[in-house]
Asks: 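Sharing a structure below in structure tokens format, with a few things to ask.
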Amino acid sequence: MTFETLSTNRSFGGTQGVYAHDSAETGTRMTFSVFVPDHAPGAKLPLIWYLSGLTCTHANVTEKGEFRRACAELGLIFVAPDTSPRGDGVPDDAEGAYDFGLGAGFYVDASEAPFARHYRMRSYIERELPALVGNHFPVDMDRQGIMGHSMGGHGALTISLRNPGRYRSTSAFAPIVAPSQVPWGHKALGGYLGQDRARWAEYDACALIDAGARLPDLLVDQGEADNFLAEQLKTYLLEEACARAGQSATIRLQPGYDHSYYFISTFMADHLAWHADRLK
């Protein structure tokens with residue numbers, strides 16, 4: 001497996017890097033970013049995975065997420081992968097829509113042609129990238145947290161729910177909590193997995209909770225002024241699922257905040273401190 005350093009920059013007493021490698025899972029070149037705080041020689045640091053939303057690459061949170069000061073102070077490594085495979089021969093939405101295809105991998109392993117060969121973001125995030133990060137960075141793989149935004153919030157919730165015990169902490173900004181019940185999810189899950197909705201359940205946080213999956217704890221922030229809230233996000237469905245299941249969760253509606261990185265960056269340090277408390 002190739003591994004290439006594309007750039008490094010000093011920031012807040014740490015190193016922000018961007019890296020690339022050839023992925024066996026996606027069959028493409030994949031790019032991701034990692035922030036590593038300065039630390040004692042030989043030390044292993046806890047790790048936060050950040051999964052981004054529709055249309056994003058690793059660069060959106062890396063450039064606009066305002067996480068480095070908090071990560072440096074808390075001693076957290078911060079990893080931001082891409083949201084889909086990219087490159088020549090990778091199929092996209094036939095009409096070039098933003099919510100399917102490139103930039104919209106939905107953290108699934110696709111089974112439908114022509115997407116099944118490359119769209120394997122579930123296996124990439126759950127298996128391949130952690131092995132690569134573990135080999136190249138000073139991470140303590142026994143102390144992992146995961147978080148994400150929108151489509152990435154959906155990814156963080158479902159990946160954590162499917163892998164009990166792997167992530168000590170899970171949080172999300174404006175997650176798609178029940179893709180089986182919203183248009184974004186209908187399009188993505190139908191296109192990648194086919195129309196048998198029973199197969200969608202493992203990629204639906206509310207369905208996983210209803211089926212018995214649990215997290216040690218959960219933190220969610222959702223902007224009340226988010227224009228996707230009513231149709232696509234439906235945060236109340238997660239509140240109801242957690243209440244039915246007795247799942248511990250702090251779900252906060254934030255007045256005046258929208259879906260953008262102005263919202264995410266406002267609450268990023270709070271989320272990271274919450275993760276750090278659980279990763280000690």
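Residue indices begin at 1 and follow the sequence shown.
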Asks: Strictly below 4.0 Å, N to O, side chains only: are Lys187 and Asp93 in salt-bridge contact?
Replies: yes

Asks: Quick one: ring-ring contact (aromatic ring centres under 6.0 Å, His included) partners of His118, sequence neighbours excluded?
Replies: none

Asks: Should Pro138 and Val36 count as side-chain neighbours, where that means a heavy-atom distance under 4.5 Å?
Replies: yes

Asks: Tell me whether the rings of Phe137 and Phe32 are parallel (<30°), tilted (30 to 60°) or perpendicular (>60°).
Replies: perpendicular

Asks: Ignoring hydrogens and angles, state whether a donor on the side chain of His275 or Ser169 is under 3.5 Å from an acceptor on the partner side chain.
Replies: yes

Asks: For the side chain of Arg162 and the backbone of Glu202, is there at least one donor-acceptor N/O pair under 3.5 Å apart?
Replies: yes

Asks: Can you find a heavy atom in the side chain of Glu4 that is under 4.5 Å from one in the side chain of Leu6?
Replies: yes

Asks: If every non-hydrogen atom of Ala70 is compared with every non-hydrogen atom of Leu272, which pair is closest and at what distance?
Replies: CB-CD1, 3.8 Å

Asks: Which value, rounded to the nearest 0.5 Å, describes the distance between His149 atom NE2 and Leu54 atom CG?
Replies: 9.0 Å

Asks: Any chance you could measure Arg143, atom CZ, to Leu76, atom CG, to the nearest 0.5 Å?
Replies: 9.0 Å

Asks: Verify, without hydrogens or angle tests, whether Ser84 (side chain) and Gly103 (backbone) share a donor-acceptor contact under 3.5 angstrom.
Replies: yes

Asks: How about Val61 and Ile264: do any of their side-chain heavy atoms sit closer than 4.5 Å?
Replies: no

Asks: Can you name the closest pair of heavy atoms from Leu157 and Pro175 and give their distance?
Replies: CD1-CB, 3.9 Å

Asks: Kindly indicate whether the side chain of Val182, heavy atoms from C-beta on, has any atom under 4.5 Å from the side chain of Ile176.
Replies: yes

Asks: Which residue, Arg117, Arg120, Arg127, Arg122, forms the salt bridge (charged side-chain N to carboxylate O under 4.0 Å, His left out) with Asp109?
Replies: Arg120

Asks: Look at the side chain of Gln232 and the backbone N and O of Trp184, then say whether any donor-acceptor pair between them is shorter than 3.5 Å.
Replies: yes

Asks: Whether the Thr2 and Arg29 side chains hold a donor-acceptor pair (N or O, under 3.5 Å, no angle test) is what I'd like checked.
Replies: yes

Asks: Between Asp221 and Gln254, is there a side-chain donor-acceptor contact under 3.5 Å, judged purely by atom types and distance?
Replies: yes

Asks: Counting only heavy atoms not in Tyr262, do more than 12 fall under 6.0 Å of its OH?
Replies: no

Asks: Establish whether Tyr257 and Phe228 are linked, either directly or via other cluster members, by ILVMFWY side-chain heavy-atom contacts under 4.5 Å.
Replies: no

Asks: Between the side chains of Asp204 and Arg199, is the shortest nitrogen-to-carboxylate-oxygen separation below 4.0 Å, so that they form an ion pair?
Replies: no

Asks: Report yes or no: do Glu128 and Ser23 form a side-chain donor-acceptor pair below 3.5 Å?
Replies: yes

Asks: Within the 3.5 Å criterion, strictly below it, is a donor on His271 or Ser171 matched to an acceptor on the partner's side chain?
Replies: yes

Asks: Establish whether Ile125 and Val90 are linked, either directly or via other cluster members, by ILVMFWY side-chain heavy-atom contacts under 4.5 Å.
Replies: yes

Asks: Between the side chain of Thr26 and the main-chain N/O of Pro85, is any donor-acceptor distance below 3.5 Å?
Replies: no

Asks: Indicate yes or no for a side-chain donor-acceptor contact from His186 to the backbone of Ser180 under 3.5 Å, with no hydrogens or angles considered.
Replies: yes

Asks: Report the distance from atom CZ of Arg168 to atom CD of Gln144, rounding to the nearest 0.5 Å.
Replies: 10.0 Å

Asks: Starting from Leu237, can I reach Leu218 by hopping between I/L/V/M/F/W/Y residues whose side chains sit under 4.5 Å apart?
Replies: yes

Asks: Looking only at the side chains, is there a donor atom on one of Thr57 and Asp82 sitting less than 3.5 Å from an acceptor on the other?
Replies: no

Asks: Could you list the residues that satisfy side-chain hydrogen bond (donor to acceptor under 3.5 Å, both in side chains) with Ser52, not counting sequence neighbours?
Replies: none

Asks: If Ile, Leu, Val, Met, Phe, Trp and Tyr residues are connected whenever their side-chain heavy atoms lie under 4.5 Å apart, and connections chain through other members, are Tyr98 and Tyr261 in the same group?
Replies: no

Asks: Nearest 0.5 Å, please: how far is CG in Leu51 from SG in Cys56?
Replies: 11.5 Å

Asks: Tell me whether Arg86 contacts the main-chain N or O of Thr28 through its side chain, where contact means a donor paired with an acceptor under 3.5 Å.
Replies: no

Asks: Looking at every heavy atom in both Pro46 and Gly75, which two are closest together, and how far apart are they?
Replies: CD-O, 3.5 Å

Asks: For a quick test of reading the model, state the closest non-hydrogen atom pair linking Tyr203 to Pro179 and the distance between them.
Replies: O-CG, 3.2 Å

Asks: Looking only at the side chains, is there a donor atom on one of His259 and Asp226 sitting less than 3.5 Å from an acceptor on the other?
Replies: yes

Asks: With side chains defined as the heavy atoms from C-beta onward, is the minimum distance between Thr62 and Arg68 less than 4.5 Å?
Replies: yes

Asks: For a 4.5 angstrom cut-off between non-hydrogen side-chain atoms, does Ile146 reach Ile48?
Replies: no

Asks: May I ask you to decide if the ring planes of Tyr107 and His154 are parallel, tilted or perpendicular, using 30° and 60° as cut-offs?
Replies: tilted

Asks: Do Met147 and Tyr167 come close enough that some side-chain heavy atom pair is under 4.5 Å?
Replies: no

Asks: Could you tell me whether the side chain of Tyr50 reaches within less than 4.5 Å of the side chain of Val79, counting heavy atoms only?
Replies: no

Asks: Within the distance-only criterion (no hydrogens, no angle test), does the side chain of Tyr119 pair as donor or acceptor with the backbone N or O of Ala104 below 3.5 angstrom?
Replies: no

Asks: So, taking the atom named OG1 in Thr170 and the one named CD1 in Ile159, what distance separates them when rounded to the nearest 0.5 Å?
Replies: 10.0 Å

Asks: To the nearest 0.5 angstrom, please state how far the CG atom of Leu279 sits from the CG atom of Leu74.
Replies: 10.0 Å

Asks: Under 3.5 Å, is there a donor on one side chain and an acceptor on the other for Ser260 and Asp258?
Replies: yes

Asks: If you measure from the Lys or Arg side-chain nitrogens to the Asp or Glu carboxylate oxygens, is any gap between Arg166 and Glu126 under 4.0 Å?
Replies: no

Asks: Looking at Phe115 versus Phe100, is the centre-to-centre ring distance below 6.0 Å?
Replies: yes

